[in-house]
Amino acid sequence: MFLGQISATLATGALAAPAIASAQSPSTSENSESMARLQAASHNFDIPDHPRVRKAFETRLKCALDQALVPIPSHQTNGDQQHYPDGSATYTKAVLQDSIGLVNPAAYQTFKTALASGKPSDFENIMMGGTRTLNGPQGGLAFTLEGTDSHQFGSSPSPHNQETQVVVPPPPALSSPAWGTELAELYWCSLLRDTAFTDYATSPIVAAACAELTSMPTYTGPRTHSGQVTPQLLFRGAYPGETLGPYISQLIIAPSSFGAMPMSNQYITYHAGLDYMLDPDSFQQVQNGIDTGLRNQKDPTLRYLYNGRALCAWTHVDVLFQAYFVAYLVMNTLGVPLNPGNPYTTSRTQNGFDTLGQPDISATIGEVAARVLDTVWYQKWFVHLRPRPESSGGIAYLTKTNQLGSLQARLNNNVLNSQALKACYDANNSWFLSQPFPEGSPTHPAYPTGHGVVAGACITILKFFYDGNFVISNPLVPTPDGLSVDRYTGPDAANLTVNGELNKLAHNISFGHGILGGIHWRSDTDSSIVLGEAFALSFLQDKVRCYNEKLTVHLTKIDGFIATISNQ
């Protein structure tokens, strides 16, 4: 009814100049004529003429207006769905499969019909291969009342403003060198799951991985100034601060407490050397969503997050915002001060509580984590449908055993002829990409990643509330067996900041779930963290409009640039 009432207002041209949502609060004069018309129209709905009610309405209306003016961009894909009509380069896990790499054509059509229509009844008619179900595809169609809508984060720059529109680029195409390079990195990851991060410098497998990835022009991980991938840089992200210090972020190592409950930050991990989906039968069962009956074997000894398998085990069962809530607790234990822009840092008479204080901080971490998932679920299910790495392991197996047959998808020779693939075959007597979990990946598409967007969103929230330039003293590093921690005394020990360790934590968790676990591609995480950050900035700008306190907060984004959140 309200939209119908204001349609004439929209038609007058008062809103004809689109604005792109940014981290900076709009000026008080922006859209003033539009607001006046909308406020006048609101009187037709018998809204009580009470100052508080009117102010609440106008605040919500202003947030809605600014978000509505963000244009929906074109959503570009890598073209694989069109290039390979048999679905061999499209995510179809748990939908009925005919053979390795080939989805049943009739089942594939029911899958595509549901995604095209968005009707709940069509999702119920998808032909499944087993008892495993698809992981919440309709979440990508949900609306949010906080931050920018999921469909307004694009896979191409906005024609209106290319500098401020968020970009979710298409992932590499399946046959491209970039895809092959990412797959080679995953094969190296699978070989190094049980190697302690502190042992990377002396591992011959790490040395071989570094040499091969250095030689691959499309490798996008961090390199030295001379272009080398080194043990210190292997399987890390490239955002500011990430390549300094130990592999694991201080914000999930240091001891803390959850209220009166002590937290050692030691965790349950899985027994070393137990990987899955290395034979055709179990691979095909998993692709059909059939339970193989196998289960992960838990290590009864609690350990710190000291190697790839420990991170895999942690992310296998974590609550998605858990790492960032733990970081929040650790930061309080370490005495990290609030962001200097918080008005309570200079107040003589007050402290923040339900606004800009501890209840606000702790709840906002979970709040943004829930809402940001809408953005990534839309991209996953309704734009990209990127298959999981395990499916490319199946194509590698078919290629190496001369069983491709009619399968249309083809991998690049850079991975088929790689040392990574050969080393994995020598170790496992299998061309498949080994998985640390019996069920392989979750039943939703790979790109982007849920862990990544939650990471990007939650670290942005923590940067908003806390001083990201605070230097962490006396940093720690897990011992090679993960049973204890030592003081880290490397040459960069005095350079570990909260911002850098938050950036590192985002990649620790998303890579632990993804490339170290063999269930995501590197580009899944890199794009997702950017998307999560962008949503969090739009979310925060809506949030601060609701505060009575006046504030201007600056925070350092993952690209090193400063974002400003203000209600002044």
Side-chain angles (χ1 to χ4, degrees), residues 144-147 249-265 267 305 314-315 317-345 347 350-374 450-470 472 497-499 501-506 508-510 529 532-533 535-549 551 553-556 563 565 567:
T144 181
L145 298 179
E146 301 167 290
S249 170
Q250 296 301 303
L251 302 178
I252 203 167
I253 297 175
S256 183
S257 63
F258 187 4
M261 181 177 68
M263 292 178 56
S264 69
N265 280 331
Y267 302 100
L305 301 178
W314 196 92
T315 59
V317 294
D318 65 317
V319 179
L320 278 182
F321 63 87
Q322 183 175 344
Y324 315 101
F325 189 82
V326 170
Y328 154 74
L329 298 175
V330 170
M331 288 161 67
N332 284 343
T333 300
L334 296 176
V336 178
L338 295 175
N339 189 299
N342 188 315
Y344 292 113
T345 60
S347 175
Q350 308 167 78
N351 60 270
F353 193 68
D354 67 314
T355 55
L356 297 165
Q358 296 301 317
D360 192 12
I361 299 169
S362 57
T364 301
I365 295 168
E367 186 180 8
V368 78
R371 298 286 65 79
V372 74
L373 286 175
D374 296 341
H451 273 80
V453 294
V454 169
C458 287
I459 66 169
T460 304
I461 296 301
L462 290 169
K463 291 175 182 179
F464 170 79
F465 283 113
Y466 287 97
D467 184 356
N469 294 319
F470 181 81
I472 297 173
T497 66
V498 166
N499 277 341
E501 293 303 293
L502 283 172
N503 292 345
K504 185 188 295 181
L505 180 62
N508 280 168
I509 300 305
S510 195
I529 293 175
E533 178 187 69
F535 175 81
L537 292 174
S538 74
F539 173 97
L540 284 167
Q541 193 57 68
D542 281 355
K543 183 177 180 68
V544 299
R545 287 196 176 104
C546 300
Y547 287 148
N548 187 65
E549 302 91 338
L551 57 85
V553 167
H554 305 290
L555 62 90
T556 305
I565 304 293
N567 60 8

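Atom set for the values below is all heavy atoms of this structure, side chains included, hydrogens, waters and symmetry mates excluded.
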On a heavy-atom basis, the closest approach of I365 and Y324 is CD1-O, 4.0 Å

Please find the pair of heavy atoms, one from V368 and one from A457, that lie closest to each other, and give the distance.
CG2-CB, 4.0 Å

pair N469-N499: side-chain heavy atoms closer than 4.5 Å
yes

One pair to check against side chain to side chain contact (heavy atoms under 4.5 Å, CB included): Y466 and N332. What are the steps and the verdict?
CA-CA 10 Å; Y466 287 97; N332 284 343; 2.6 Å; yes

Between atom OG of S249 and atom CD of E501, what is the distance when rounded to the nearest 0.5 Å?
4.5 Å

Atom pair CG (N503) and CD (E533), whose distance is rounded to the nearest 0.5 Å
8.5 Å

Scanning both residues in full, the closest heavy-atom pair of N265 with A254 reads ND2-O, 2.6 Å

Does the side chain of P337 reach to within under 4.5 Å of the side chain of T345, using non-hydrogen atoms?
no

How far does CZ of F535 sit from OG1 of T144, to the nearest 0.5 angstrom?
5.0 Å

Side chains of D360 and Y547: do they bring a donor and an acceptor to under 3.5 Å?
yes

Just do the side chain to side chain contact (heavy atoms under 4.5 Å, CB included) check on I252 and W314 with the steps written out, would you?
CA-CA 11 Å; I252 203 167; W314 196 92; 3.9 Å; yes

Would you say the side-chain atoms of N567 pair up with the backbone N or O of V544, donor to acceptor, closer than 3.5 Å?
yes

Correct closest heavy-atom pair for S362 and P359 would be OG-O, 3.3 Å

Which pair of heavy atoms, one from S538 and one from G147, lies closest together, and at what distance?
OG-CA, 3.5 Å

Rounded at 0.5 Å granularity, tell me how far CG in L251 sits from CG in L329.
11.0 Å

At what distance, to the nearest 0.5 angstrom, does CG of N339 lie from CZ of F465?
10.0 Å

Run through L462, V498, V330 and flag the one making a side chain to side chain contact (heavy atoms under 4.5 Å, CB included) with V336.
V498

Note, D318 side chain near H451 side chain (heavy atom, < 4.5 Å):
yes

dist K463:NZ -> L537:CG (nearest 0.5 Å) comes out at 9.5 Å

Taking it one step at a time, do I253 and L305 satisfy side chain to side chain contact (heavy atoms under 4.5 Å, CB included)?
CA-CA 8 Å; I253 297 175; L305 301 178; over 6 Å; no

Any idea how F325 and F321 line up, ring-wise: parallel (<30°), tilted (30 to 60°), or perpendicular (>60°)?
perpendicular

Minimum heavy-atom distance L320-V454, with the two atoms named:
O-CG1, 3.3 Å

Check: L338 and N351 side chains under 4.5 Å, non-hydrogen atoms
no

